[in-house]
Amino acid sequence: MNTLIDPILNGFMLGMTTGPYCLTACFPMVLSVALAEGEGGSSSQTWLFVGKFIGGRFLAYLAFGVAIGLLGSRLGGMSHRIGTFAMIFMSIILIGYGLGVRLPRVGMCRMAGRTESHRFFPVILGALTGLNVCPPFLLAITYTLHKAVTPAFGICFFMSFFIATTLYILPVGIAGHIPHRDIMARMGRVAAVVVGAVFFYQGVSAALMLV
């Protein structure tokens, strides 16, 4: 029986690989708007924007965790089989990204930019960047389906995933500062290879048990 430690640890580990790939593409927009909000010397507006942005990501991950958890529990054994082989494939993609393979990106940030005049723009931006289609996020989906358990599992996994990605966002509130962005990107790539290998091992082990 799966414990909640499993989704919490794996969700956090996978979330740490997300920042350099899925978030840095959106940082220029997030920074420019956050700095504009805080213009005038006070950082309160900057933090308010960052808080709304993080809130949007929280809502997106919470909804997705419930949805994928429900889907996995409804599909049962079929979900486990599909998720197992999809997880192997996505872990290889994640390893390839970590080794420098260029992958296409879905322009969620540009899509969110069209709502810049909307009063809920920070929340919308956070939600769309949270659901950015990238290898770590897709691997998160396939891993949850592979487990084919309960909505609680999906919620715990994606909430842990959310906490890990939030660590990359908080520096934006500190005068819009992104510390050592190049170093962060390199560390993210190394983490992608290591984490991809861990999930690949889990996927292959599960696949062998299906044979």
Shortest non-hydrogen contact between P7 and C156, atoms and distance: CG-CB, 4.0 Å
What's the shortest heavy-atom distance between M87 and Y143, and which atoms? SD-CD1, 3.4 Å
Would you indicate whether the side-chain heavy atoms of M90 and I141 approach each other to under 4.5 Å? no
When clusters are formed from ILVMFWY side-chain contacts under 4.5 Å, directly or step by step, what else is grouped with Y201? none
Hits for ring pair (Phe, Tyr, Trp, His ring centres under 6.0 Å) against F58, two or more places apart or cross-chain, chain-then-number order -> F162
Minimum heavy-atom distance between P151 and S73, given as atom pair plus value: CD-OG, 4.3 Å
Which label fits F161 and F158: parallel for a plane angle under 30°, tilted from 30 to 60°, or perpendicular past 60°? tilted
Working to the nearest 0.5 angstrom, can you tell me the gap between M13 CE and S160 OG? 10.0 Å
Rounded at 0.5 Å granularity, tell me how far CZ in F89 sits from CG in L138. 9.5 Å
List the atom pairs, donor and acceptor, that lie under 3.5 Å between side-chain atoms in residues 61-69 and the rest of the protein, sequence neighbours left out.
residue: Y61; atom: OH; partner: R57; partner atom: NH2; Å: 3.2
residue: Y61; atom: OH; partner: G130; partner atom: O; Å: 3.1

For L99, all residues meeting side chain to side chain contact (heavy atoms under 4.5 Å, CB included), sequence neighbours excluded: I95, V193
How would you list, by chain and number, every residue that makes a side chain to side chain contact (heavy atoms under 4.5 Å, CB included) with A60, sequence neighbours excluded? A127, L131
Identify the residue among L94, V198, T165 that makes a side-chain contact (heavy atoms from CB on, under 4.5 Å) with L14. L94
Nearest 0.5 Å, please: how far is CD1 in I93 from CD1 in I88? 13.0 Å
Residues two or more places apart in sequence or in another chain: which of them pass side chain to side chain donor-acceptor pair (under 3.5 Å) with T84? H146
Mark yes or no for whether S91, through its side chain, and A197, through its backbone, hold a donor-acceptor pair below 3.5 Å. no
Report yes or no: do L208 and I92 belong to one cluster of Ile/Leu/Val/Met/Phe/Trp/Tyr joined by side chain heavy-atom distances under 4.5 Å? yes
same_hphob_cluster(F153, L70) at 4.5 Å side-chain heavy-atom cutoff: yes
Are F137 and F12 linked, directly or through intermediate hydrophobic residues, by side-chain heavy-atom contacts shorter than 4.5 Å (ILVMFWY only)? yes
